[in-house]
Amino acid sequence: MAISGLIITFNEEKNIEKCIDSLMQYCDEVIVVDSNSNDHTVEIAKRKGAKVYLQSFLGDGPQRSYGLQFCKNDWVMNLDADEFLDIDALEFIHSKEYLNQNYDGYRFYVKNFLGNKLIDFSGWYPDAKVRFFNKKTASPSRDMTHQYIVTTNEITVKVHILHYGWETYKQVIDKKNQYSSWAAQQMFNRGERVSSFKPLLNGVVAFIRCYFFKKGFLNGIDGLAFAAIQSFFSFMKYVKLIRLHNKTLGK
């Protein structure tokens, strides 16, 4: 059974070649939906044999949904440009076990890295996501951030995706700040309101959960840093939501 690889990109010239090479190991086509990159992402993707389509960013879920129309195969592997299948996931795909099962979505565990350091604490592992699905019955949600695949019958397989998302803490914080803006806008669009105590409460709870219950305290300064980053995200998305509502009231 043929598989389509699907990637959404924006300024991913450092990662796109390796990601496409990885997908080409088991996909007979790679589709790239690019949000008007101003680096060499598109040039590299075309050179590597991917089919590239340009689309201004619609949001995480809608952008992936847009790309599905160009995938000729029912089975789709949807990776970010900085994600690659680990050996166990490649073995699962090559075994073709999924063809003999009644699932339309497969949830793989994600190993997140800061540089070459595995972040397997503070709630960052196990982090399971559906990246492999059958588009006949499954599709991305409409969420602007933290989208997920809506399936009819999914299963978690203990194989791994390698996510080399950041080299520095600044990159992690910048991405979380961006996500907090998208999350706030999404909640605002749904008409959600929160009290002025919500940002502080959720920020504190997120820190306690990640640092103590998710064993961040066992991982030195990195454990403290990632717990603080999770707290920052939870705090800021509600602060930004409140500001959006205040703006509509002229405050």
Side-chain angles (χ1 to χ4, degrees), residues 6-19 32-41 55-64 67 78-84 108-131 140-149 160-189 199 202-203 206-207 209-211 214 216 219 221-241 243-244:
L6 174 62
I7 320 168
I8 63 172
T9 59
F10 178 70
N11 290 349
E12 291 286 356
E13 64 181 7
K14 292 182 179 180
N15 299 308
I16 191 62
E17 182 171 1
K18 183 178 177 181
C19 185
V32 172
V33 179
D34 184 78
S35 305
N36 302 309
S37 293
N38 51 35
D39 64 359
H40 297 290
T41 299
Q55 171 60 52
S56 298
F57 192 61
L58 302 170
D60 192 16
Q63 194 79 351
R64 296 173 198 271
N78 179 206
L79 297 180
D80 290 339
D82 51 14
E83 294 179 338
F84 319 96
F108 295 172
Y109 289 104
V110 180
K111 292 179 178 177
N112 293 290
F113 291 84
L114 178 66
N116 291 317
K117 180 179 178 61
L118 175 63
I119 309 302
D120 57 353
F121 47 83
S122 295
W124 289 62
Y125 184 88
D127 174 24
K129 297 178 181 178
V130 174
R131 286 288 195 243
S141 69
R142 302 298 297 175
D143 297 275
M144 291 182 64
T145 182
H146 296 306
Q147 68 80 36
Y148 58 93
I149 303 300
H160 295 86
I161 293 170
L162 307 177
H163 179 215
Y164 291 91
W166 319 280
E167 291 291 333
T168 66
Y169 275 118
K170 181 181 184 303
Q171 292 174 341
V172 181
I173 293 168
D174 287 346
K175 181 63 70 173
K176 285 293 184 180
N177 190 37
Q178 182 182 59
Y179 282 166
S180 70
S181 296
W182 290 344
Q185 187 65 56
Q186 186 168 279
M187 290 187 291
F188 179 79
N189 292 343
N202 276 59
F207 180 84
R209 182 179 66 250
C210 293
Y211 191 65
K214 298 295 184 179
N219 291 272
I221 193 64
D222 287 324
L224 178 62
F226 275 93
I229 288 169
Q230 289 296 88
S231 175
F232 165 80
F233 169 72
S234 186
F235 175 81
M236 287 306 301
K237 69 179 179 181
Y238 289 113
V239 167
K240 292 176 180 180
L241 174 61
R243 286 185 60 84
L244 285 171

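Below, each value reflects all heavy atoms present in this structure, side chains not excepted, and no hydrogens, waters or symmetry copies.
Counting all heavy atoms, side chain and backbone alike, Asn15 lies closest to Ala81 at CB-O, 3.2 Å. Closest non-hydrogen pair, Val33 versus Gln63, comes out as CG1-NE2, 3.5 Å. Counting all heavy atoms, side chain and backbone alike, Tyr125 lies closest to Ile119 at CB-O, 4.0 Å. Heavy-atom minimum distance, Asn11 versus Asn38: OD1-N, 2.8 Å. The heavy-atom pair separating Asn36 from Gln55 by the smallest distance is ND2-C, 4.3 Å. Residues Trp124 and Asn112 come closest through the heavy atom pair O-ND2, 3.2 Å.
Between Asn78 and Val130 there is no side-chain heavy-atom pair separated by less than 4.5 Å. For the pair Ile8/Ser35, no side-chain contact is recorded, criterion being any heavy-atom separation below 4.5 Å from C-beta on. Within the 4.5 Å cutoff, the side chain of Glu83 has no heavy atoms near those of the Cys19 side chain. Using a 4.5 Å heavy-atom threshold, the side chains of Asp60 and Met144 count as separate. Side-chain atoms of Leu224 and Phe207, non-hydrogen and from C-beta on, do get closer than 4.5 Å to each other. Considering only heavy atoms from C-beta on, Asn116 comes within 4.5 Å of Tyr164 through its side chain. Residues Gln171 and Thr168 have side chains in contact (heavy-atom distance under 4.5 Å, counting atoms from C-beta outward).
Side-chain atoms of Thr41 come within 3.5 Å of backbone N or O of Glu12 as a donor-acceptor pair. Although no hydrogens or angles enter the test, the distance criterion places a donor-acceptor pair under 3.5 Å between the side chain of Lys240 and the main chain of Asn177. Side-chain N or O atoms of Ser231 include none that pairs as donor or acceptor with a backbone N or O of Ala206 at under 3.5 Å.
Here Thr145 contributes atom OG1 and Gln186 contributes atom CD; the two are 7.0 Å apart, rounded to the nearest 0.5 Å. Separating the NE2 atom in His160 from the CG atom in Asp127 is a distance of 10.5 Å, to the nearest 0.5 Å. One finds the CD atom of Gln147 at 4.5 Å from the CZ atom of Arg64 (value rounded to the nearest 0.5 Å). Distance check: Ser56 OG to Asp34 CG gives 10.0 Å after rounding to the nearest 0.5 Å. Rounded to the nearest 0.5 Å, atoms CG (Leu241) and CE (Met187) are 4.5 Å apart. Taken to the nearest 0.5 Å, the CD1 atom of Ile16 stands 10.0 Å off from the CG atom of Asp82.
Ring geometry for Tyr179 versus Trp182: interplanar angle of 30 to 60°, hence tilted.
Atom CZ of Phe10 sits in a crowded spot, with more than 12 heavy atoms from other residues, nucleotides or ligands closer than 6.0 Å. Counting non-hydrogen atoms of neighbouring residues, nucleotides and ligands closer than 6.0 angstrom, the NZ atom of Lys14 reaches no more than 12 such neighbours.
Remark: the Gln230 side chain and the Ser122 side chain contain no N/O donor-acceptor pair separated by less than 3.5 Å. With hydrogens and angles left out, the side-chain atoms of Gln185 and Asn189 include a donor and acceptor closer than 3.5 Å.
Screening Lys129, Lys175, Arg131 against Asp80 for a salt bridge (charged side-chain N to carboxylate O under 4.0 Å, His left out) leaves a single residue, Arg131.
For Phe226 and Tyr169, the distance between ring centers is under 6.0 angstrom.
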